[in-house]
Amino acid sequence: MTTGSRATLYVGIASLALPSADEGADHAPVRTVTDAALLVADGHIVAAGPRVDVEAQADQTKRVDLGGCAVVPGLVDSHTHLVFAGSRADEMERRSRGETYEQIAQAGGGIVRTVEAVRHTSDEELLRLAEARLAAMLARGVTTLEVKSGYGLTVHDELRMLRVARRLGTKVPLDIRTTLLAHVIPIARRVEREAYVHELCEELIPQAAAEKLADYIDVFVETGAFTADDARTIVHAATSLGLRAKVHVDQLRDSDGAALAAELGALSADHLEFVSATGRAHLARAGVVATVLPGCALFLGKGPWPDGRALRDAGCEVAVATDYNPGSSMVRDLGLCATLAATRCGLTVQEALWGITRGGAKALGLFDRGTLAAGERADFVVIEADDWRALLYEAGHARVQAVYVGGRRVVPTSHATRRSPRSTRH
Ligand code: NIG
Ligand code: FE
């Protein structure tokens, strides 16, 4: 095949991770190729695999030698609350002295404190804070990232958060997807919850849809947040306007949230620390991606780790995400979350890598990334190691040498090219 002068051949790949498209029981989640190559043209993968095979397809191409590194697909963080303001470090201290996350919330702390902070922070400042966090995540290999609202709680402030998230997407090279999150009911409005849900459905969701501010709808189904019936009403209002559903369920107790996710046809059910065997079966049958967020158990220090193994064994596809937020998971390293998925949640290293690549993409309903198959977006991460497992093994410390989004190197940027890959034309 002639690839033409716009193509680039990446060689010097000591270890290439190729996640499978689907993670059914018959598939190995990841195929490893040593002495590999990648051929990229027009921002997409032309071929990825053994160097001799890929080289045979390259013709007149620019050649980049990655110097014996490892390559994995661009990481997909499918669940974050990246736009926020303020610190809740004091709550961490309170937990260290014995209070629980729920007790702190009931005593007026928790989510509503971040809501106050967001309401008192300008759009420009919210954007600046989020951009700085995002730069750190990109430098760790994240190329697609979901961002939720949910710290506004009024129509005005929720729209403001979504606009900031959308603006973020125009300022950074990553692919940002946005979610309108029905998070909690403001304290002052808890006596009129039906009116609040009505306002969400009749005002907030239609305005967000009209301005194209949200790709997904998410509902936190929990005592003190929204009921299953609220979630049905909210999700139906949003999906009828083209948003796709995701849900926060079974985080603090089993409330049949997984069955609800299946009933609603959600793309993913997230958290699942307390999901039952019946719930797991529902997710598997309905093809809902089960997203585990090990950053929460790491950060809160109490409560069970999500059981990724039981979810996989029940036939679910399992994604892994950070849940990066100031209250329950001040953890933004997706590679570290994959390490935790493998060491604390029962997944194999390969399943955990699948969870932060193809699994994350599926949890967002994106099928053009995450496996490095021909035709996919050329989003990939170069790790300074001769074995891709270093991404998990060097827990939180894997050295990311370069990140490519749509075939363009975005880390390091051109003005910071120390140790950048060697490029020659042949
Ligand atoms: O995903 N579960 C609800 N929401 C967040 C926590 C938000 C917060 O504490 O600020 C979560 O864990
Ligand atoms: Fe969350």
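The figures that follow rest on heavy atoms only: side chains count, while hydrogens, waters and symmetry mates do not. Order of listing sets the numbers, starting from 1, for every ligand and every atom in it.
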Undergrad: Under 4.0 Å, heavy-atom basis, I'd like to know which part of His81 is in contact with ligand 1: side chain, backbone, both or neither.
TA: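 Under 4.0 Å from ligand 1, His81 contributes side-chain atoms alone.
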Undergrad: Which atoms from ligand 1 have a heavy atom of His248 less than 4.0 Å away?
TA: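 Checking each atom against His248, I get 1 (O), 2 (N), 3 (C).
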Undergrad: Specify whether an N/O/S atom of His271 falls short of 2.8 Å from the Fe ion (ligand 2).
TA: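 No N, O or S atom of His271 is closer than 2.8 Å to the Fe ion (ligand 2), so no.
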Undergrad: Restricting to non-hydrogen atoms, name the atom on Leu82 and the atom on Leu134 that form the minimum distance, rounded to 0.1 Å.
TA: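 So the two residues come closest at CD2-CD1, 3.7 Å.
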Undergrad: If you look at every heavy atom in Arg177 and Leu366, which pair is closest and at what distance?
TA: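 Nearest pair, atom of Arg177 first, then Leu366: NH1-CD2, 3.6 Å.
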Undergrad: Non-hydrogen atoms of Phe84 versus ligand 1: any pair closer than 4.0 Å?
TA: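 For ligand 1, residue contact (heavy atoms, under 4.0 Å) with Phe84 is absent.
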Undergrad: Among the N, O or S atoms of His81, which one sits nearest to the Fe ion (ligand 2)?
TA: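 Restricting His81 to its N, O and S atoms, the minimum distance to the Fe ion (ligand 2) goes to NE2.
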Undergrad: What is the minimum heavy-atom distance between Arg358 and Pro19, and which atoms define it?
TA: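 Looking at all heavy atoms of both residues, the shortest contact is CB-CB, 4.4 Å.
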Undergrad: Taking Arg369 as the fixed residue, which of Thr144, Asp379, Thr357 is the one that meets the side chain to side chain donor-acceptor pair (under 3.5 Å) rule?
TA: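 Going through Thr144, Asp379, Thr357 one by one, the side chain to side chain donor-acceptor pair (under 3.5 Å) with Arg369 is satisfied by Thr144 alone.
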Undergrad: Considering residues, nucleotides and ligands other than Arg193, do more than 12 of their heavy atoms fall under 6.0 Å from its CZ?
TA: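 Atom CZ in Arg193 is packed in, count exceeds 12.
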Undergrad: Could you tell me if any non-hydrogen atom of Arg88 lies under 4.0 Å from any atom of ligand 1?
TA: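 Contact present.
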Undergrad: For the Fe ion (ligand 2), does an N/O/S atom of Asp323 lie at less than 2.8 Å?
TA: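 Under 2.8 Å: Asp323 contacts the Fe ion (ligand 2) through an N, O or S atom.
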Undergrad: Show me which atoms of ligand 1 lie under 4.0 Å from any heavy atom of Gln251.
TA: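 Here the atoms of ligand 1 in question are 2 (N), 3 (C), 12 (O).
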Undergrad: Is atom OH of Tyr393 surrounded by more than 12 heavy atoms (other residues, nucleotides or ligands) closer than 6.0 Å?
TA: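 12 or below, so no.
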Undergrad: Rounding to 10°, state the angle centred on the Fe ion (ligand 2) that links NE2 in His248 with NE2 in His79.
TA: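 An angle of 90° at the metal.
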Undergrad: If you measure every N/O of Thr114 against every N/O of ligand 1, is any gap under 3.5 Å?
TA: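 Among all N and O atoms of Thr114, none is under 3.5 Å from an N or O of ligand 1.
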Undergrad: Out of all atoms in ligand 1, which are within 4.0 Å of some heavy atom of Asn325? Include the element for each.
TA: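 Selected atoms, number and element: 6 (C), 7 (C), 8 (C), 9 (O), 10 (O), 11 (C), 12 (O).
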Undergrad: Take Leu334 and Tyr324 through the side chain to side chain contact (heavy atoms under 4.5 Å, CB included) test and state the conclusion after the steps.
TA: CA-CA 9 Å; Leu334 188 56; Tyr324 183 26; over 6 Å; no
Undergrad: Going by the order shown, which atoms of ligand 1 are within less than 4.0 Å of some heavy atom of Tyr151?
TA: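 In order of numbering, the contacting atoms are 7 (C), 8 (C), 10 (O).
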Undergrad: Evaluate the ring planes of His248 and His183, with Trp represented by its six-membered ring, and classify them as parallel (under 30°), tilted (30 to 60°) or perpendicular (over 60°).
TA: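 His248 vs His183 ring planes: tilted.
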